[in-house]
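The structure under discussion is supplied below as structure tokens; questions concerning it will follow.
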Amino acid sequence: MAQALTNPKDDFSGWYNEIVYRADLAGQSPVRGCIIVKPYGYEIWEGLKAALDKRFKATGHQNAYFPLFIPEDYLKREAQHVEGFSPELAVVTIGGGKELEERLIVRPTSETIIGEAFSEWIQSYRDLPLLINQWANVVRWEMRTRPFLRTMEFLWQEGHTAHATEADAEAETLQMLDVYADVVINEAAIPVIKGLKSDSERFAGALRTYTIEAMMGDKRALQSGTSHNLGQNFAKAFNIQYLDEGNQRQFCWTTSWGMSWRVIGGIIMTHGDEKGLRLPPRLAPIQVVIVPIYKTPEEQSAVMAAADRLKQALVGADIRVKLDAREETPGFKFNDWEMRGVPLRLEIGPRDVQNNTVVAARRDIPGREGKSFLSQDNIAAQVAALLTHLQANMLAQAAAFRDANIHDVRSYDELKQVIEAGGFARGWWKEDSEAEARIKAETQASHRCYPLEQPGGEGVNFLTGERADRVALFAKAY
RNA sequence: CGGGGUGUGGCGCAGCUGGCAGCGCGCUUCGUUUGGGACGAAGAGGUCGCCGGUUCAAAUCCGGCCACCCCGACCA
């Protein structure tokens, strides 16, 4: 018997790394801080990408591509921006064997170079809004690597838009936050809380940063997407101006928003269990695996013929299916596909061929509970229905777990207890960067956001005793 | 960048009181197996991280270098 997976309850990060490796999502790279994403992992990214891109297009955005290299002085034009990113920049100083006169930054994000382009593209209010997205890799020099969660180079998309008014920019920022929430909730089956970042957690150079926060299986928070209202900070730094209807020069209001392959890490840590990965059907590269079971050659040909018919029926219904014809025992295959997170397994053996049945085993419900007999007739409709239920159930499971681990706190002691036990602490909070820093230093918990959904009314700041008109979430985070 | 650790077949490791480089998993072939991680037999695969030194002889002892991992400070 092969080595069992580390139990997430014993060693969550060890478990995480093992899944990444054993489910064949990614491999180690010869370069420190980078990973090699293998086909199975990349297909999950492609699914996320497709889900996002469809929604970007539906909301009027177009894709474009900007350079990997950014002149160093661009970064410096927005004071907070450069301050925020300086420590993690990769800088090219030599090119073509010669020291460069103008050093180049490997983009950590593209506000600056896109801002420069926008300043040329935008002349008139008729050019607005300008709605651009780019799919790209970015580099942020990291001391520590965790596959998909923190790597030196990572894949993401970054949207960049320019608007005539602050209200338009704010509407765009919130619209894209909704798009992110929609994708993560309905495609990745991860419940999220939409919220506003505190001053100290805000993006370098932004007026306001919005976030979607998810709770992982170890009760830590994962920021899964961010959307920034950049105000006129970058418009002023890069001279992004337009002539309004009254022939007056005006600065644009810009936004940016990004989501990375970090969401793959979120899927692993939200849904994975002691048997391995669990993928939501909508993003699973393989939604259904068919495992044939036989002893004799006669049985094999009968079973394989039936399995092939099942496969064709599913393919015809646009279900992503794999028939596992490898020379391994069924038991091995069961474990193997469970490790890889395939949502639904169909087992078909001689008895099923005889009875016109097939055994369906759901990845979201362990053991016999998750198994049922299906008729081979009309298999595609039955499987499609099961996958729909599975998707909904995974979201429900994750939401139940999260809701059970969010606790209201009225005092600092209560917050400490919640953080100690694991979970999100929710309490009345008046914006206070110093107090946040103190909490972080003492408990490792950071201000995650002011949820957009607020209880209303007023309360007393659990730390300082001041009056506060909104609640905030605190948690340990990735 | 501070503290700790490890470098030996694809992966995980043993060997380290010098003496022909081993084990488990994986891989190849054949046979028996197959409804929850099968078994047997026969094979393939390694300049022991790099450079230098000691010695008749170095994976092993000594010196230097490099790389990676873990724990802390920073982060989509």
Side-chain angles (χ1 to χ4, degrees), chain A residues 1-5 11 13-14 17-18 21-22 24 27-34 83-89 107-110 136-146 148-158 180 197 200-201 203-204 209 211-214 221-228 256-266 275-276 291-297 299-300 303 324-339 345-355 357-359 361 366-368 370-371 373 437 440-441 444 446 477-478:
Chain A
M1 181 167 147
Q3 182 99 37
L5 186 67
D11 176 6
S13 62
N17 287 331
E18 246 179 81
Y21 174 68
R22 291 176 64 171
D24 231 15
Q28 288 208 306
S29 110
V31 180
R32 182 176 65 98
C34 297
E83 193 183 325
F85 280 104
S86 286
E88 40 186 325
L89 294 180
R107 64 179 165 222
T109 179
S110 303
N137 57 340
V138 288
V139 168
R140 298 178 188 179
W141 211 265
E142 294 289 350
M143 295 320 222
R144 197 88 161 261
T145 302
R146 303 206 62 194
F148 297 115
L149 296 175
R150 174 157 304 114
T151 48
M152 204 167 88
E153 177 190 19
F154 60 93
L155 297 188
W156 76 344
Q157 58 70 217
E158 46 179 322
Y180 286 156
K197 283 292 186 187
S200 56
E201 298 280 334
F203 176 74
T209 288
T211 177
I212 51 175
E213 298 284 330
L222 183 76
Q223 177 176 305
S224 309
T226 49
S227 187
H228 316 290
S256 70
W257 25 278
M259 179 171 281
S260 77
W261 69 18
R262 183 176 234 202
V263 172
I264 296 173
K275 296 186 120 182
V291 177
I293 297 157
Y294 48 80
K295 290 189 176 74
T296 65
E299 286 177 350
Q300 177 176 8
V303 165
D324 186 355
R326 287 179 298 175
E327 307 248 341
E328 300 282 358
T329 62
F332 176 89
K333 292 177 182 175
F334 295 171
N335 287 286
D336 192 39
W337 293 112
E338 281 165 0
M339 176 68 72
R345 177 178 73 240
L346 296 181
E347 311 168 8
I348 181 163
R351 293 205 292 274
D352 298 302
V353 171
Q354 201 123 57
N355 303 335
T357 55
V358 60
V359 174
R368 297 202 80 80
K371 287 199 180 190
F373 280 99
K440 192 165 185 183
Q444 290 177 41
S446 55
Y478 279 95

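Sequence lines set the chain letters: A, B, ... in the order given, protein chains first and strands last, and positions in each chain run from 1.
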### Task
Determine the contact category for A/Gln28: base if any of its heavy atoms lies under 4.0 Å from a base atom, sugar-phosphate if only primed atoms, P, OP1 or OP2 are that close, otherwise nothing.
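Contact class for A/Gln28: none.
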### CG-CD distance between A/Asn335 and A/Glu328, expressed to the nearest 0.5 angstrom
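Rounded to the nearest 0.5 Å, the CG-CD separation comes out at 11.5 Å.
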### Query
Counting only distance, no hydrogens or angles, is the base of B/G35 paired donor-acceptor with the side chain of A/Asp352 under 3.5 Å?
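A donor-acceptor contact between them is present.
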### Message
Please pick, from B/A38, B/G35, B/G36, the nucleotide with the shortest atom-to-atom distance to any side-chain atom of A/Pro350.
### Response
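Of the candidates, B/G35 comes closest.
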### Message
Need to verify one output field. Residue with the more 5' nearest nucleotide on RNA chain B, A/Gly225 or A/Asn17?
### Response
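The answer here is A/Asn17.
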### Query
Can you tell me how far P in B/G9 sits from the matching atom in B/C50, rounded to whole Å?
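Result for the P pair: 10 Å, nearest Å.
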### Query
Considering only the P atoms, how many Å lie between B/U33 and B/C71, rounded to the nearest integer?
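Here B/U33 and B/C71 have their P atoms 49 Å from each other.
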### Query
Charged N to carboxylate O below 4.0 Å: is that the case for A/Lys275 and A/Glu338?
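So A/Lys275 pairs with A/Glu338 through a salt bridge.
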### Task
Using the test side chain to side chain donor-acceptor pair (under 3.5 Å), find all partners of A/Glu347 that sit at least two apart in sequence or belong to another chain.
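Per chain and number, A/Glu347 pairs via side chain to side chain donor-acceptor pair (under 3.5 Å) with A/Arg345, A/Lys371.
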### Query
Between B/G37, B/A76, B/G35, which one does the side chain of A/Asn335 approach most closely?
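Per side-chain heavy atoms of A/Asn335, the pick is B/G37.
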### Message
For A/Thr211, give me all partners under side chain to side chain donor-acceptor pair (under 3.5 Å), at least two apart in sequence or on another chain.
### Response
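In terms of side chain to side chain donor-acceptor pair (under 3.5 Å), with neighbours along the sequence ignored, A/Thr211 is linked to A/Glu213.
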### Task
Mind checking A/Pro108 for me? I need base, sugar-phosphate or nothing, with any heavy atom below 4.0 Å counting as a touch.
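Touches nothing.
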### Message
What's the closest nucleotide to the side chain of A/Tyr294 if the choices are B/U34, B/G36, B/G37?
### Response
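Nucleotide nearest to A/Tyr294's side chain: B/U34.
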### Query
Which one, B/U34, B/G37, B/G35, comes nearest to the side chain of A/Lys295?
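Per side-chain heavy atoms of A/Lys295, the pick is B/U34.
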### Message
Quick check for you: among B/G37, B/A76, B/G36, whose closest atom lies nearest to any side-chain atom of A/Gln223?
### Response
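Ranking B/G37, B/A76, B/G36 by closest atom to the A/Gln223 side chain puts B/A76 first.
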#### Entry: P-based separation of B/U17 from B/G53 [nearest Å]
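About 23 Å, rounded to a whole number of Å.
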### Task
Round to the nearest Å and state the distance from A/Ile293 atom CD1 to B/G36 atom C1'.
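In whole Å, B/G36 C1' and A/Ile293 CD1 are 9 Å from each other.
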### Rounded distance [0.5 Å steps], CD in A/Glu153 versus SG in A/Cys34
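It comes to 5.5 Å.
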### Task
Describe the nucleic acid contact of A/Val359 in one word from base, sugar-phosphate, nothing, applying a heavy-atom distance below 4.0 Å.
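It contacts base atoms.
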### Task
Counting heavy atoms from C-beta on, name the nucleotide in B/A76, B/U34, B/G36 closest to the side chain of A/Phe154.
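Comparing B/A76, B/U34, B/G36 against the side chain of A/Phe154, the answer is B/A76.
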### Task
Using the closest heavy atom to pick a nucleotide of RNA chain B for each, name whichever of A/Gly33 or A/Leu149 lands nearer the 5' end.
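Upstream on the strand: A/Gly33.
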#### Entry: Nearest-angstrom distance, P atom, B/A44 to B/C23
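Approximately 13 Å lies between the P atom of B/A44 and that of B/C23.
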### Task
List for me each residue that meets side chain to side chain donor-acceptor pair (under 3.5 Å) alongside A/Arg262, sequence neighbours excluded, and say none if there are none.
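Testing A/Arg262 for side chain to side chain donor-acceptor pair (under 3.5 Å), a comparison that skips the adjacent residues, returns none.
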### Task
Taking only the side-chain heavy atoms of A/Phe334 (C-beta and beyond), determine which of B/A76, B/C11, B/G36 contains the nearest atom.
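For A/Phe334, the side-chain atoms sit closest to B/G36.
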### Query
Rounded to the Å, how far apart are A/Met339 CE and B/G36 C1'?
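Computing the A/Met339:CE to B/G36:C1' distance gives 14 Å.
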### Message
Heavy atoms only, 4.0 Å cut-off, all strands: where does A/Gly349 land among base, sugar-phosphate and nothing?
### Response
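Result for A/Gly349 = base.
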### Message
List the residues meeting ring pair (Phe, Tyr, Trp, His ring centres under 6.0 Å) with A/Phe85, not counting sequence neighbours, and say none if there are none.
### Response
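Here the qualifying residues are A/His81, A/Phe203.
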### Message
Between B/C68 and B/U8, how many Å separate the two P atoms, rounded to a whole number?
### Response
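My reading of the P atoms in B/C68 and B/U8 gives 14 Å.
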### Query
Does the B/G37 base have a donor-acceptor partner in the side chain of A/Glu328 within less than 3.5 Å?
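There is none.
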### Query
In whole Å, what separates the C1' atom of B/C70 from that of B/C27?
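Pairwise C1' distance, B/C70 against B/C27, rounds to 31 Å.
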### Task
Consider the side chain of A/Thr151, meaning its heavy atoms from C-beta on, and name the nucleotide among B/C11, B/G36, B/A76 that approaches it most closely.
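Output: B/A76.
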### Message
So, does A/Thr329 get its side chain near the phosphate of B/G37, meaning an N or O under 4.0 Å from OP1 or OP2?
### Response
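For B/G37, OP1/OP2 do not have a side-chain N/O of A/Thr329 under 4.0 Å.
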### Task
Write down the distance separating the P atoms in B/C56 and B/A67, rounded off to the nearest Å.
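Result for the P pair: 35 Å, nearest Å.
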### Query
Rounding to a whole Å, what distance do you find between A/Glu88:CD and B/A73:C1'?
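The distance from CD of A/Glu88 to C1' of B/A73 comes to 14 Å, rounded to the nearest Å.
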### Task
Determine the contact category for A/Arg345: base if any of its heavy atoms lies under 4.0 Å from a base atom, sugar-phosphate if only primed atoms, P, OP1 or OP2 are that close, otherwise nothing.
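Contact class for A/Arg345: base.
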### Message
What's the gap between B/G43 and B/C48 when it is taken at their C1' atoms, as a whole Å value?
### Response
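Those two atoms are separated by 23 Å.
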### Task
Indicate yes or no: does A/Lys295 engage A/Glu299 in a salt bridge with an N to O separation below 4.0 Å.
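No salt bridge links A/Lys295 with A/Glu299.
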### Message
Nearest 0.5 Å, please: how far is CH2 in A/Trp337 from CG in A/Asp324?
### Response
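Reported to 0.5 Å precision, the distance equals 5.5 Å.
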### Results of ring pair (Phe, Tyr, Trp, His ring centres under 6.0 Å) for A/Trp261 - residues two or more places apart only
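If we apply the ring pair (Phe, Tyr, Trp, His ring centres under 6.0 Å) test to A/Trp261, skipping adjacent residues, the hits are A/Phe148.
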#### Entry: Atom-pair distance (CH2 on A/Trp337; C1' on B/G36), nearest Å
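The answer, rounded to whole Å, is 16 Å.
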### Query
What's the CD-P distance between A/Glu327 and B/U32, to the nearest Å?
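Answer to the nearest Å: 12 Å.
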#### Entry: Watson-Crick and G-U pairing of RNA chain B written in dot-bracket, each distance under 3.5 angstrom, with | for inter-strand partners
((((((((.[[[[.)...(..]]]].((((((.....)))))).....[[[[[..)....]]]]])))))))....
